[in-house]
Number of protein chains: 2
Amino acid sequence: MTTDAEQLLRGAGLRVTRPRLAVLDAVHAHPHADTESIIGAVRRGLPDVSHQAVYDSLHTLTAAGLVRRIQPSGSVARYESRVDDNHHHVVCRSCGAIADVDCAVGHAPCLTASDDSGFRIDEAEVIYWGLCPACSTAPTPK
Amino acid sequence: MTTDAEQLLRGAGLRVTRPRLAVLDAVHAHPHADTESIIGAVRRGLPDVSHQAVYDSLHTLTAAGLVRRIQPSGSVARYESRVDDNHHHVVCRSCGAIADVDCAVGHAPCLTASDDSGFRIDEAEVIYWGLCPACSTAPTPK
DNA sequence: CGCCGTTTCTTGAACGAGTCAAGAATTGTC
DNA sequence: GACAATTCTTGACTCGTTCAAGAAACGGCG
């Protein structure tokens with residue numbers, strides 16, 4: 001496992017550091033986790049990492065395209081390791097649960113807007129809002 | 001104009017207050033404005049409104065469906081008055097500019113996920129990421 | 001194998017959008 | 001007009017995230 005992560009980092013031209021390896025593992029192990037959860041997961045194997053190291057690592061990994069950052073309205077930043085496979089997310093309005101959804105309309109056509117206003121579009125991000133199975137049957141979150 | 005806004009509020013079963021009217025006007029006048037801009041716009045006509053009144057009004061109006069809240073990753077909350085017409089947004093990665101885009105695939109089919117994981121989906125939100133015309137020709141944001 | 005320059009991490013303070021809470025003012029109804 | 005309910009004002013406060021300075025780790029080189 002560590003070897004995997006190490007190769008990913010080297011492949012991206014990044015230095016291999018303990019915090020980065022741990023962060024990469026944590027994101028793989030906990031898809032859609034927020035930063036605080038990732039800090040917790042990282043510290044299980046590396047008790048003394050600073051929160052800042054995790055923030056820095058997440059930024060670096062995101063910039064390198066090794067993890068993806070998502071942030072639905074009203075939520076804190078979350079991270080996942082599925083990248084470059086054109087999938088989207090469903091978010092529960094009630095409990096905030098997130099699940100993956102493959103692209104609705106085939107391969108990657110979501111990238112086509114009807115009128116792009118002159119923008120050079122490079123990514124289409126889709127978030128479906130609704131209620132997860134649990135909240136759907138048992139309403140009234142509060 | 002005020003009459004319009006007043007009818008919208010009454011139609012939604014909301015009390016008609018000066019701050020709410022001003023907020024509604026401001027959102028109509030400045031699509032995709034963030035909260036701070038809206039506060040500024042509101043205070044041009046109503047100098048003594050508290051920021052809290054604006055926050056409250058925006059929440060109420062959003063809950064009533066009179067305005068829509070959008071919040072692209074890394075941005076603060078923004079509001080717009082186009083509701084219920086199934087349009088999406090393009091966001092410039094460089095300068096943060098936002099433009100409207102009509103639904104790519106016809107009427108409202110974006111609401112169909114390929115596999116909804118058991119969620120009861122009620123809305124599909126699409127954000128296209130790219131570079132606006134200005135940033136596209138003049139690169140290097142920094 | 002050990003040194004060196006660069007990058008990354010630690011520590012701790014700071015920031016800003018947004019929220020909470022208590023009391024005063026306003027709304028709409030009787 | 002007066003009352004109950006809602007909304008607004010004021011001001012403190014939270015929480016995720018960023019900033020900044022110095023210490024430590026990384027990896028290329030001899």
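Lettering follows sequence order; numbering is per chain, from 1.
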Do [X] and [Y] sit within salt-bridge range, that is, some charged N less than 4.0 Å from a carboxylate O?
X         : Y         : value
Arg68(B)  : Glu125(B) : no
Asp122(B) : Arg93(A)  : yes
Asp25(A)  : Arg20(A)  : no

Interface with DNA chain C, restricted to residues 71-83 of chain A and to heavy atoms under 4.0 Å: none
To the nearest angstrom, how far is [X] atom [atom1] from [N] atom [atom2]?
X        : N       : atom1 : atom2 : value
Glu36(A) : dC15(D) : CD    : P     : 9 Å
Asp34(B) : dA17(C) : CG    : C1'   : 10 Å
Leu9(B)  : dT26(C) : CG    : C1'   : 15 Å
Ile39(B) : dT10(D) : CD1   : C1'   : 14 Å
Leu58(A) : dT17(D) : CG    : P     : 9 Å

Nearest-0.5 Å distance, CG of residue Leu66(B) to OG of residue Ser57(B): 11.5 Å
Sugar-phosphate only, base, or nothing, as touched by Asp48(B) at under 4.0 Å among non-hydrogen atoms: sugar-phosphate
Sugar-phosphate only, base, or nothing, as touched by Thr35(A) at under 4.0 Å among non-hydrogen atoms: sugar-phosphate
Exercise: do Ser136(B) and Arg120(A) side chains pair donor with acceptor under 3.5 Å: yes
Check: His32(A)/Asp100(A) side-chain N/O donor and acceptor closer than 3.5 Å: yes
Centroid-centroid under 6.0 Å between His87(A) and His89(A) rings: yes
Connected via hydrophobic side-chain network under 4.5 Å: Tyr128(A) and Leu131(A): no
Contact state string [nucleotides 18-30 of chain D, B base, S sugar-phosphate only, - no protein heavy atom under 4.0 Å]: BBB----BBS---
